[in-house]
Amino acid sequence: MAAEPPSSVAPATAANTKRTPKRKPKKKSAGPSALNPNWAQLQSKLPASTFLGKRKRRRAPSPPPQPSPDPDEAEVSVKLEPTSDDTSLTKALALDCEMVGVGAGGSKSALARVTLVNSFGNIVYDEYVRPMERIVDYRTHISGIRPKHMNKAKDFSVVQKDVAELITGRVLVGHALHHDLKVLLLGHPKKDIRDTSEYEVFRREGKRRSLKDLAAQELSVKIQQQEHCPIEDARAAMFIYKKHKKGWEKNRKDQFRFKNKLKKRGNKKSAEGNEKDPNVPTVLL
């Protein structure tokens with residue numbers, strides 16, 4: 001009988017017979033009730049939604065939303081500055097005056113400062129004026145005039161003469177110029193006056209508007225916030241005029257032609273009526 005062939009599987013070695021022992025899982029730590037006998041009793045008294053444990057780190061509160069900027073406030077941010085270094089006497093000059101109170105109770109206005117700027121916004125004349133009457137009310141909250149300014153003020157007659165020479169033959173720009181010319185005791189040809197308070201385009205529901213209102217709308221600037229500055233006011237009037245100069249001058253020419261046409265038509269009718277009227281005497285040469 002043939003012998004059985006030797007098994008192809010080698011006998012297990014001592015190394016193979018030893019198995020690696022399994023690691024025992026760590027026991028979970030006992031809950032809070034095991035550590036503290038009062039823990040379960042405390043938790044049972046609290047609402048079900050309450051969780052006792054480590055406090056979660058709170059997020060920093062988000063900053064409150066910033067209010068959106070007022071469009072009107074955003075618009076009025078530009079400062080009035082001259083548009084050129086040219087200080088020459090241009091064809092158009094802008095005038096602004098500041099007044100103080102004289103007479104009984106300071107109710108009467110008197111000239112205390114006068115300013116002229118050219119079409120570029122540069123100062124060509126700026127003087128404090130000593131009124132001919134005693135000052136009762138300096139009106140500082142509006143005029144900006146103080147007693148110290150009278151120390152370097154010029155006599156009224158000197159300033160009046162200077163201003164008259166400067167504005168003669170020139171276009172005079174300003175706001176409510178009749179007030180300024182009144183305290184200067186001066187006149188000016190109506191055809192050469194450009195008054196921003198009188199221009200029909202600027203009126204609202206037929207009413208005149210303040211220079212402060214016009215400057216905010218037309219130039220996007222804030223003026224006259226506290227004490228008035230005649231330099232700033234004169235510049236505002238000049239820049240408003242220049243912005244609308246083309247349309248303003250065309251409007252004036254059209255009005256002039258219309259008035260002349262009405263005048264000629266009226267003269268013609270008057271002449272025809274006189275020819276037919278038997279009571280009009282005939283002049284014999």
So, taking the atom named [atom1] in [X] and the one named [atom2] in [Y], what distance separates them when rounded to the nearest 0.5 Å?
X      : Y      : atom1 : atom2 : value
Ile142 : Asp137 : CD1   : CG    : 9.0 Å
Leu214 : Ile240 : CG    : CD1   : 5.0 Å
Glu127 : Phe156 : CD    : CZ    : 14.0 Å
Leu111 : Leu186 : CG    : CG    : 9.5 Å
Lys212 : Gln217 : NZ    : CD    : 15.0 Å
Lys222 : Leu80  : NZ    : CG    : 13.5 Å

With no hydrogens and no angle check, is any side-chain donor or acceptor of [X] less than 3.5 Å from a backbone partner on [Y]?
X      : Y      : value
Arg194 : Lys191 : yes
Asn118 : Leu89  : no
Ser88  : Thr90  : no
Lys154 : Arg130 : no
Arg170 : Leu166 : yes
Thr196 : Gly174 : yes
Arg209 : Lys207 : no
Asp192 : Leu172 : no
Glu232 : Pro230 : no

Looking only at heavy atoms, what is the nearest atom pair of [X] and [Y], with distance?
X      : Y      : result
Ala176 : Asp195 : N-OD1, 2.8 Å
Ala92  : Val173 : CB-CG2, 4.4 Å
Val100 : Ala112 : CG1-CB, 3.6 Å
Ala236 : Leu211 : CB-CD1, 4.3 Å
Ala215 : Ile223 : CB-CD1, 3.8 Å
Leu184 : Gln160 : O-NE2, 3.0 Å

Distance flag, aromatic centroids of Phe202 and His244, threshold under 6.0 Å: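 Centroid separation for His244 and Phe202: below 6.0 Å.
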
Side chain to side chain contact (heavy atoms under 4.5 Å, CB included) evaluation trace for Val129 with Asp155: CA-CA 6 Å; Val129 186; Asp155 289 339; over 6 Å; no

Cluster check Val159, Val117: I/L/V/M/F/W/Y, side chain < 4.5 angstrom: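 Val159 does not cluster with Val117.
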
Common cluster, Leu177/Trp248, ILVMFWY with side-chain heavy-atom separation under 4.5 Å: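 No: no chain of side-chain contacts under 4.5 Å links Leu177 to Trp248.
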
Do the non-hydrogen side-chain atoms of [X] and [Y] ever get within less than 4.5 Å of each other?
X      : Y      : answer
Tyr128 : Val114 : no
Ile145 : Thr140 : no
Met150 : Tyr138 : yes
Arg235 : Pro82  : yes
Phe239 : Val221 : no

N-O pairing of Asp96 and Arg113 below 4.0 Å: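 Salt bridge between Asp96 and Arg113, a charged N being under 4.0 Å from a carboxylate O: no.
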
Cationic N near anionic O, under 4.0 Å, Glu227 to Arg146: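 Answer for the salt bridge query: yes.
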
Is the number of heavy atoms from other residues, nucleotides or ligands under 6.0 Å of [X] [atom1] greater than 12?
X      : atom1 : value
Asp254 : CG    : yes
Glu200 : CD    : yes
Lys108 : NZ    : no

Is it the case that the side chains of [Y] and [X] hold a donor-acceptor pair, with the cut-off being a distance below 3.5 Å and no angle test?
X      : Y      : answer
Asn251 : Gln255 : yes
Ser197 : His175 : no
Thr115 : Asp126 : yes
Tyr241 : Glu249 : yes

Full working for side chain to side chain contact (heavy atoms under 4.5 Å, CB included) between Leu116 and Ile123: CA-CA 6 Å; Leu116 286 165; Ile123 302 167; over 6 Å; no

Ser143 vs His228, side chain to side chain contact (heavy atoms under 4.5 Å, CB included): CA-CA, chis, key distance, verdict: CA-CA 6 Å; Ser143 69; His228 292 198; over 6 Å; no

Of His179, Arg139, Glu98, Lys182, the residue whose pairing with Ser109 passes side chain to side chain donor-acceptor pair (under 3.5 Å):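 Passing option: Arg139.
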
